[in-house]
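Before any comments, here is the structure.
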Amino acid sequence: MFDSVRDDLRTTLDEIREAGLHKPERVIGTPQSATVAVTAGGTPGEVLNFCANNYLGLADHPEVVAAAHEALDRWGYGMASVRFICGTQEVHKELERRISGFLGQEDTILYSSCFDANGGVFETLLGPEDAVISDALNHASIIDGIRLSKARRFRYANRDMADLERQLKEAAEGGASRKLIVTDGVFSMDGYLAPLGEICDLADRYGAMVMVDDSHAVGFVGPGGRGTPELHGVMDRVDIITGTLGKALGGASGGYVAARAEIVALLRQRSRPYLFSNSLAPVIAAASLKVLDLLESAGDLRERLNANTALFRSRMTEEGFDILPGEHAIAPVMIGDAAEAARMAELLLERGVYVIGFSYPVVPQGQARIRVQLSAAHSTDDVNRAVDAFIAARAALGK
């Protein structure tokens, strides 16, 4: 049977390559860090890493690694079960308590990934009589999660509060019972922040709940690293926060929903990705607890990240690159053409800087870019070397 499909699949793959949209996987032979060794999929050797979500540089932090070693001895490797059967250990409950306290929420439920967390919320909380109002540029996991629910779906233009209000009015006039506004706290392809204060004001006006996926903010955005709700002063007004342990919080895997107590209680009973997926590995839970300890005194890491971000953004702007405005550590360098973005990423790798070109369908057609991600682990020299490599790569392209 497959022989009849093989040629079609090969044609599709050829079309992806010819359009410059192929996504090669480069292999690194070192721990995740500011510098990594590429062993396959690119020019071999040590390169500066500017494409990881390792915002605070904690992925290879010695205290986090030590906590993981200790957890293996104490808690074992894996749970081999789901939470409600025999997959819950003390370390899982402690991590849920710590995340709740850190984010100012009443309770937290752990998932194997934030993709699963977002996939488990909407179907559980919303029915055909309800409405979900979603930002147009929300993460794919939110989009897929919404598709699993029977709720009416409304979409508003990215960060457009007038359009959000129009959608809320339509949902209300249509008789929606529960209304849930959902947004990324930081939009991962642009580095733009959601206007949470205005969103909460509209939610209050129209009787809606607010959900924020804060995966690209928790740990380093806000005075205490508590994310975009803290930054905007609305920690007590956001009903649901989803996030990941796989970015600033150590960079491993795992996700969570931190929310009102009744929401979390219902998710434990009916959220399918929670009920039918193995528990988070205890070693990740224990290492994440150590990360939360480190965050209490991570002000210097956040300051270093902010300084690196400001330096990169200012130098790239001075050199005439089209970089999306903002202050976030996601700094997209706009290229436009997909093939050209891929070629520039290759030229940068040859010059010792590891970045990735993003193109359709990850971003809209004609808006290909190289998404640079700064880290507290980078030195000032690292940042300047990256900018110099961009200048050299641009020259090699004849730009």
Side-chain angles (χ1 to χ4, degrees), residues 1-29 38-44 51-53 111-123 132 134-155 157-158 182 184 187-190 213 215-216 244 246-247 253 255 271-273 275-278 330 332-350 354-373 393 397:
M1 175 62 188
F2 178 68
D3 288 342
S4 64
V5 178
R6 189 192 309 271
D7 289 343
D8 286 343
L9 297 181
R10 286 176 173 172
T11 298
T12 299
L13 290 168
D14 288 342
E15 290 171 351
I16 291 172
R17 292 187 183 92
E18 290 168 5
L21 304 178
H22 185 253
K23 301 167 185 62
E25 294 185 357
R26 295 166 182 158
V27 180
I28 61 176
V38 175
T39 60
T43 304
C51 60
N53 299 313
Y111 288 81
S112 57
S113 68
C114 189
F115 205 108
D116 275 349
N118 286 333
V121 169
F122 304 100
E123 182 183 24
V132 56
S134 177
D135 190 289
L137 294 189
N138 277 340
H139 191 268
S141 58
I142 293 175
I143 295 170
D144 286 359
I146 291 172
R147 287 172 177 162
L148 293 172
S149 78
K150 294 182 172 63
R152 294 184 62 197
R153 305 164 194 175
F154 299 84
R155 186 173 72 167
N158 180 233
V182 57
D184 283 0
F187 296 92
S188 61
M189 286 299 112
D190 299 319
D213 179 336
S215 293
H216 285 276
T244 180
K247 293 182 171 53
S253 61
S271 179
R272 291 167 67 85
L275 292 172
F276 297 101
S277 296
N278 257 23
I330 293 172
V333 182
M334 303 304 290
I335 307 299
D337 179 72
E340 187 174 313
R343 178 58 181 152
M344 178 167 272
E346 293 172 1
L347 291 168
L348 284 162
L349 188 61
E350 292 172 6
Y354 181 12
V355 291
I356 296 294
F358 287 84
S359 55
Y360 181 82
V362 181
V363 297
Q365 290 276 17
Q367 295 185 30
R369 67 199 66 185
I370 291 176
R371 185 182 69 173
V372 175
Q373 291 170 277
L397 283 173

Taking all non-hydrogen atoms of both residues, which atom of A341 and which atom of A368 are closest, and how far apart?
-> CB-CB, 3.9 Å
Check whether any side-chain heavy atom of D190 lies under 4.5 Å from a side-chain heavy atom of R369, and answer yes or no.
-> yes
Do you know the tightest heavy-atom contact between H216 and I330?
-> ND1-CD1, 3.7 Å
How far does CD of Q367 sit from OG of S359, to the nearest 0.5 angstrom?
-> 12.0 Å
Please walk me through it: do R147 and F122 pass side chain to side chain contact (heavy atoms under 4.5 Å, CB included)?
-> CA-CA 9 Å; R147 287 172 177 162; F122 304 100; over 6 Å; no
Assess whether side chain to side chain contact (heavy atoms under 4.5 Å, CB included) is satisfied between L349 and R26, documenting all intermediate values.
-> CA-CA 11 Å; L349 188 61; R26 295 166 182 158; 3.6 Å; yes
Atom pair CG/CD of D337 and Q365 - distance to nearest 0.5 Å = 10.5 Å
Is a donor on one side and an acceptor on the other found under 3.5 Å between the side chain of T244 and the backbone of C114?
-> no
At what distance, to the nearest 0.5 angstrom, does CG of N138 lie from CD1 of I146?
-> 6.5 Å
Are side-chain heavy atoms of N53 and Q373 found at a separation under 4.5 Å?
-> yes
Nearest heavy-atom pair of N118 and S141: which atoms, and what distance?
-> ND2-OG, 2.9 Å
Output yes when E346 and R343 qualify as a salt bridge under the 4.0 Å nitrogen-oxygen rule, no when they do not.
-> yes
Could you pull out all donor-acceptor pairs under 3.5 Å where a side-chain atom in residues 12-21 meets a protein atom, sequence neighbours excluded?
| unit_1 | atom_1 | unit_2 | atom_2 | d |
| --- | --- | --- | --- | --- |
| T12 | OG1 | D8 | O | 3.1 |

Identified side-chain contact (heavy atoms from CB on, under 4.5 Å) counterpart of C51 within the set L348, I370, I356, V372 | I356
Can you measure from CG (L397) to CD (E340) and round to the nearest 0.5 angstrom?
-> 5.5 Å
Value rounded to 0.5 Å, distance of CZ in F187 from CG in D213 = 9.5 Å
Residue set satisfying side-chain hydrogen bond (donor to acceptor under 3.5 Å, both in side chains) with D135, at least two apart, ordered chain then number -> N158
For the residue pair D116 and S277, what are the closest heavy atoms and their distance?
-> OD2-OG, 4.0 Å
More than 12 heavy atoms of other groups within 6.0 Å of R153 CZ | yes
Considering all heavy atoms of both residues, which atom of M189 and which atom of P332 are nearest to each other, and what is their separation?
-> O-CG, 3.3 Å
With rounding to the nearest 0.5 Å, note down the distance linking CD1 in I143 to CG in L137.
-> 8.5 Å
